[in-house]
A.B. asks: 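Take this structure, written in C-alpha cells, and hold onto it; I'll ask about it next.
Below, read A as the first sequence line, B as the second, and so on, with proteins coming before strands; counting in each chain starts at 1. Everything numeric in this text was worked out from a predicted model, so none of it was measured. Because only heavy atoms are used, hydrogens play no part in the values below, and waters and symmetry mates are left out as well, while side chains stay in.
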Protein chains: 2
Amino acid sequence: MPPPKPATIIDVAREAGVSIKTVSRVLNQEPGVHSETREAVLKVVADLKYRPKQSARSLAGGRSFLIGLLYYDPSAAFVGGVQQGATLRCREAGYHLVVESLHNDAPDLAMQVDRMVSALRPDGMILTPPLCDNPQVLSALRESHTPCVLISPAADEPDHPSVRMDDVHAAEEITNLLISLGHTRIAIIKGAKDQVASKRRYQGYLAALKAHKIALDKDLVVQGDFTFDAGVEAAYQLLSRRQRPTAVFASNDDMALGVLAAAQRLGLSVPGDLSIAGFDDTPAAARVWPPLTTVRQPMDDMARAAVDLLIGAPRDAGAAASARPKHRVLPHELVVRDSTAVLGAKAAPRAKKAG
Amino acid sequence: MPPPKPATIIDVAREAGVSIKTVSRVLNQEPGVHSETREAVLKVVADLKYRPKQSARSLAGGRSFLIGLLYYDPSAAFVGGVQQGATLRCREAGYHLVVESLHNDAPDLAMQVDRMVSALRPDGMILTPPLCDNPQVLSALRESHTPCVLISPAADEPDHPSVRMDDVHAAEEITNLLISLGHTRIAIIKGAKDQVASKRRYQGYLAALKAHKIALDKDLVVQGDFTFDAGVEAAYQLLSRRQRPTAVFASNDDMALGVLAAAQRLGLSVPGDLSIAGFDDTPAAARVWPPLTTVRQPMDDMARAAVDLLIGAPRDAGAAASARPKHRVLPHELVVRDSTAVLGAKAAPRAKKAG
DNA sequence: CTGAAAGCGCTTACAG
DNA sequence: CTGAAAGCGCTTACAG
C-alpha cells in the first residue's frame, strides 16, 4: 500500500470553503481574518492533520526556518551546551537546527561553509569558537549574506552580533575566592595562546592579585593549551618547585583535571595540600573526587540569545535596519565545590565568595 | 545595497545555451549528456557560482536531503559521538543533519516528533537510546512514513533497521580481562533497570564468570542506574562489606567514575587495592587518575552506518523493496588503561587481553 | 542525446 | 475581511 498523501493547503481550503490565501493567513497568524473563518479553518487543519511543508514555504517565502550551528570540537562540553540551548529555542520559535562539524584548519573550509549555506539558505548561523574567529568562515558567510551570531569570539566584530560571558571578571572572581581562602601562592595555567579567552582569564587573575597587593610570581605562571595533558605537565612543573603553590587556577576544566590527576599521582591531597579551580563546569568536573570548583558558562542562555538575535534580524536588513550589531554579555556562575579549601586546612572548604 | 541575487538554473541554462533540463541532468549526474555539453554547463556553473537551492529541489523532487537526529541526553558522550559520525557522513553524501533534543517522558512527545517530520519531511531519522525504544516516538514516525534507523535499541524491531554493538560480548571480554588479572571477587554495578544494555552487560558478566567456573556471589551484584551518584553509593555498599571485592565492573563510565571517587575518598588505592572497569569510553574516562579501563563503543561508525541505511532506503520503498530491515552489529574496542591491575600488585597493570 | 511542459505547495504582491 | 493570479526554482514524466 502506498502511503496516503499528506493534506496540502488546497485540501484545507476546499474543505473549509475558503481560498488558500485565507488558510495561509490563519496559519501565519496574519491579522485580518474573521474569527469565525479562522475557527473553521483551524478545525479543518486539525481534522486533516495538515502541516505546511517547509520546502514550499521556503521556496515561496524566502525564509528557510533553518538555523545553522557550526562547531569544531564535538567533544567539547561547551558545544553540547550551546547546541542544547539552540535546539530548544529553535523549537519554540518554529525553527530547526542544522549542525555542521568543521575542522578549523581544513583547506577547503570556505567551500564547506559555502556549500551548506548555498544549499540550505539558513536564516542564520551560530558560530562557536574557534570557528567564529576564522577569517575563511566569516568571509564565506559574508559573501552569501547570511546573518550570523558569534558566540564568545576573540573580538567583537563590527559586522556581526555576538554573545559572550565576562571571562575577565569570572577569572578575577575565582582568583579572589582562592585569595579569600588564605592562598597567596596561586599558580595559573594559561589556555591556548591563540584563543582570546586565555588572555582574558589571565587578565582576571592578574587583576585579583593586584587588588590584593599580591606580587606576581612568574614561576607560578605556566603556559597551557586547554588540554588534559597540558594540565598534567604544568602540574608536574609547578609541584616540583621548591616553593610549591598552594592553589592552582587552571584556565579550563580539562587542564584542572590534569592537575588533579598529577597531584593524586604525586600523593598530594586535594584540597588539603593543593586547592584546584577550573573553568567551564564540564560534566567531568562533577564526576571526579574531589569535585571541581569552577565557573559555569551560561552556554544555554548564550545559545538562546543567539537564536533570538538571528530570528529578530532578517536577512539583508542590512545597513538600513539596525545601525550596528548587538554585543551581549551574559552572567556566569561561580560553582564552588570541594577541590578548593582554606589554606592549610584538611577540612572541607568554606563556600565563601571573595569580596 | 541589496545583495545580488544568487544565480538560478535558468541563468545557467541561458548562459550555457541549453535547456534547464540539461543543466539538471549534469548536476544530478544523470547519464545521457554529451561530454562537451557537460563541460560547458559545468563551466557556467563555476563562473556563476551556481548552487541548486535545496528547498526547490525538495519541493519538486520529493527528497529533502535532510536527516534528522533525535536524542535525549545532550551531555551523554554517546550522543556526541553519534552526531559526529552522522554529520560527517551526511556531508559526504550531500545531506544535512537536523538535530532535535527531546525529553523521553514529555507528554507531547509524539506531537513534537510529528511537527518536525511534517514540516521538514526529512529523508530519514536516526534515533538514539532511549528514544529509539519509545513507543510514542516510533508510532509518530510510523504514521508519517519516515524511514528510521535505531541505534542500539532495546530489541531489534522487525519494522526498523538498527545498528548496535555487541554489549554481551564486550562485557564478557572486560570481565575476562579482570579474571585474567587474577581477580575472582569481581563486583558488578548494573545499569538502569529499564535499559536493555544493562541486562546485556550483566549477561556478559555472568557468562565470563561461568566460563571460568567462578561462582556468582549475589553480594557483589549491585543495582545502579548509570549515574555518577549511583556509582558512589554502590561503591560504599560494596567496599563496606567484610569481604571486599578486588575489582568492580561498572556498567558504564559515569558509574565507574563514581566508584573511583568513592575509593579515593575511602583512602583506597586504585588499582592497587581495587581495579575498576567502565563502559563507554567517555571523555572523562581519560581525564581522571588513574585513567579508566573501559569499552569504546563505535559510535562514529554506528552513526555512519545508520546514515547509509537511510540514504540507501528511500521513503516508501515499502514492503516491495527490501523484504526486511537490516540489523547491523559493529565491532567495539577494549580500552585497557591504568584503573585495572594484577590482583595484589601495586604496579601498573599489564595490557593483556583476556582469552 | 536533448527539450518543452507541467507541477511540487506554498507566499508574495495586488485587487476588490 | 477575502481571493485570483503569478511565481519561487527546481524535478518529474513525456516527447522527440
Side-chain angles (χ1 to χ4, degrees), chain A residues 2-3 5-42 44-45 48-66 94 118-121 123 314-316, chain B residues 3 5-42 44-45 48-66 94 117-121 123 314-316:
Chain A
K5 278 201 172 181
T8 71
I9 196 172
I10 297 182
D11 300 325
V12 176
R14 188 193 313 114
E15 195 76 14
V18 298
S19 71
I20 60 168
K21 175 61 206 174
T22 295
V23 177
S24 175
R25 281 198 182 93
V26 171
L27 261 32
N28 290 301
Q29 323 215 43
E30 289 173 32
V33 180
H34 197 87
S35 63
E36 282 178 27
T37 312
R38 180 181 305 274
E39 297 302 323
V41 169
L42 252 21
V44 176
V45 164
L48 266 43
K49 295 191 179 177
Y50 169 66
R51 305 269 186 273
K53 194 164 170 173
Q54 183 261 354
S55 58
R57 294 184 75 189
S58 174
L59 183 58
R63 293 194 300 165
S64 66
F65 299 96
L66 256 26
S118 318
L120 257 29
R121 318 276 166 111
D123 293 335
R315 180 188 300 260
D316 315 322
Chain B
K5 277 201 171 182
T8 71
I9 197 171
I10 298 182
D11 301 324
V12 176
R14 188 193 313 116
E15 195 77 13
V18 297
S19 72
I20 61 168
K21 176 61 208 173
T22 296
V23 177
S24 175
R25 280 197 183 93
V26 171
L27 262 32
N28 289 302
Q29 322 216 44
E30 290 173 31
V33 180
H34 196 87
S35 64
E36 283 179 26
T37 312
R38 181 181 304 275
E39 299 301 325
V41 169
L42 251 21
V44 177
V45 165
L48 265 43
K49 295 191 178 176
Y50 169 66
R51 305 267 186 274
K53 193 163 171 174
Q54 183 261 354
S55 58
R57 294 184 74 189
S58 175
L59 183 57
R63 294 193 300 165
S64 66
F65 299 96
L66 256 25
V117 295
S118 315
L120 257 28
R121 317 277 165 111
D123 293 334
R315 180 188 300 260
D316 314 322

A.B. asks: Rounded to the nearest angstrom, tell me the gap between atom CG in A:Asp11 and atom P in C:dC8.
C.D. replies: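 Going from CG in A:Asp11 over to P in C:dC8 covers 11 Å.
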
A.B. asks: Walk along nucleotides 9-16 of chain D from 5' to 3' and tag each nucleotide B, S or - by protein heavy-atom contact under 4.0 Å, base first, then sugar-phosphate.
C.D. replies: BBBBB---

A.B. asks: Is the shortest side-chain N/O distance from B:Thr22 to OP1 or OP2 of C:dC1 below 4.0 Å?
C.D. replies: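 For C:dC1, neither OP1 nor OP2 has a side-chain N or O of B:Thr22 closer than 4.0 Å.
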
A.B. asks: Is the shortest side-chain N/O distance from B:Ser19 to OP1 or OP2 of C:dA4 below 4.0 Å?
C.D. replies: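 No, outside the criterion.
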
A.B. asks: Would you mind listing every side chain to side chain donor-acceptor pair (under 3.5 Å) that reaches into residues 31-41 of chain A, with sequence neighbours excluded?
C.D. replies: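 Qualifying pairs: none.
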
A.B. asks: Tell me, which stems hold DNA chain C, with a stem being 3 or more Watson-Crick or G-U pairs in a row and both distances under 3.5 Å?
C.D. replies: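 The stems that DNA chain C takes part in, listed by first number, are C:1-3 with D:14-16, C:5-12 with D:5-12, C:14-16 with D:1-3.
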
A.B. asks: For B:Tyr50, enumerate each residue passing the ring pair (Phe, Tyr, Trp, His ring centres under 6.0 Å) test, keeping only those at least two apart in sequence or located in another chain.
C.D. replies: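 B:Tyr50 satisfies ring pair (Phe, Tyr, Trp, His ring centres under 6.0 Å) with no other residue.
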
A.B. asks: B:Arg14: what forms a salt bridge (Lys or Arg N to Asp or Glu O under 4.0 Å) with it, not counting sequence neighbours?
C.D. replies: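 So B:Arg14 forms a salt bridge (Lys or Arg N to Asp or Glu O under 4.0 Å) with B:Asp11.
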
A.B. asks: Residues in salt bridge (Lys or Arg N to Asp or Glu O under 4.0 Å) with B:Arg63, at least two apart?
C.D. replies: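 Scan of B:Arg63 (salt bridge (Lys or Arg N to Asp or Glu O under 4.0 Å), adjacent residues dropped) gives none.
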
A.B. asks: Please enumerate all residues that pass salt bridge (Lys or Arg N to Asp or Glu O under 4.0 Å) together with B:Arg51, with sequence neighbours excluded.
C.D. replies: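 Here the qualifying residues are A:Asp114.
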
A.B. asks: Test A:Gln54 against B:Arg121 for side chain to side chain contact (heavy atoms under 4.5 Å, CB included), laying out the working first.
C.D. replies: CA-CA 8 Å; A:Gln54 183 261 354; B:Arg121 317 277 165 111; over 6 Å; no

A.B. asks: Mind checking what makes side-chain hydrogen bond (donor to acceptor under 3.5 Å, both in side chains) contact with B:Lys21, not counting sequence neighbours?
C.D. replies: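 B:Lys21 satisfies side-chain hydrogen bond (donor to acceptor under 3.5 Å, both in side chains) with no residue once adjacent residues are dropped.
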
A.B. asks: With sequence neighbours excluded, tell me which residues meet side-chain contact (heavy atoms from CB on, under 4.5 Å) with A:Ala60.
C.D. replies: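 Applying side-chain contact (heavy atoms from CB on, under 4.5 Å) to A:Ala60 gives none.
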
